[in-house]
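To start, the structure under review is shown below, and the notes come after it.
These numbers come from the heavy atoms of this one structure, side chains and all, not from hydrogens, waters or symmetry mates.
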Amino acid sequence: MKKILAILLISAGLNAQNLKPTDMQLHIGATYIISSATTAYVFKKTKDKKKAVLIGFGIGMAVGVVKEMNDKHVQNKDLFGNIIGSTLGCFVITIPLP
């Protein structure tokens, strides 16, 4: 019982990591998913890698910009997060493609 109490007292002072994602991380994640799914779909239909990348990036950015326009205030860091997510989404999905 003393060991359990000692462990509880020691661990009570420790703070866990704050794993709550920031707004920019949410923008990156959402546009990554949208642009990668769009790129994969367009490539599957057209077999044109360049066209798939351009459309995937465009759709990801369009969704991100429309979301920002619906917000009360536009933040540049959120738009930058949209650019990062859309770019990574459309290029990462095309790495294994022929």
Apply the test side chain to side chain contact (heavy atoms under 4.5 Å, CB included) to residues V53 and F91: give CA-CA distance (whole Å), side-chain angles for both, the deciding distance (0.1 Å), then the verdict.
CA-CA 7 Å; V53 167; F91 284 124; 3.7 Å; yes
Are [Y] and [X] connected into the same hydrophobic cluster when the rule is that any two of I, L, V, M, F, W, Y join if their side-chain heavy atoms are below 4.5 Å apart?
X   : Y   : answer
I93 : L54 : no
I34 : I55 : yes
M69 : L79 : yes
I33 : V63 : no

Are more than 12 heavy atoms, taken from residues, nucleotides or ligands other than [X], located less than 6.0 Å from that residue's [atom1] atom?
X   : atom1 : result
K77 : NZ    : no
K51 : NZ    : no
D71 : CG    : yes

Between CG of D78 and NE2 of H27, what distance do you get to the nearest 0.5 Å?
3.5 Å
Distance (rounded to the nearest 0.5 Å) between I59 CD1 and T31 OG1
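Going from the CD1 atom of I59 to the OG1 atom of T31 covers 13.0 Å.
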Minimum heavy-atom separation for T39 to C90, with atom names?
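So the two residues come closest at OG1-CB, 3.3 Å.
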Please examine the side chains of F57 and S35, heavy atoms only from C-beta on, and report whether any two atoms are closer than 4.5 Å.
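When only atoms from C-beta onward are counted, F57 and S35 do not touch, as no gap falls below 4.5 Å.
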Quick one: does V65's side chain get under 4.5 Å of E68's, heavy atoms only?
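No - every pair of side-chain heavy atoms lies 4.5 Å or more apart.
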When you look at I84 and M24, which way does the side chain to side chain contact (heavy atoms under 4.5 Å, CB included) test go after all the steps?
CA-CA 10 Å; I84 293 171; M24 186 174 180; 4.1 Å; yes
Just do the side chain to side chain contact (heavy atoms under 4.5 Å, CB included) check on F43 and D48 with the steps written out, would you?
CA-CA 6 Å; F43 182 77; D48 185 4; 5.9 Å; no
Step by step, would you call I83 with M61 a side chain to side chain contact (heavy atoms under 4.5 Å, CB included)?
CA-CA 7 Å; I83 292 170; M61 281 303 297; 3.7 Å; yes
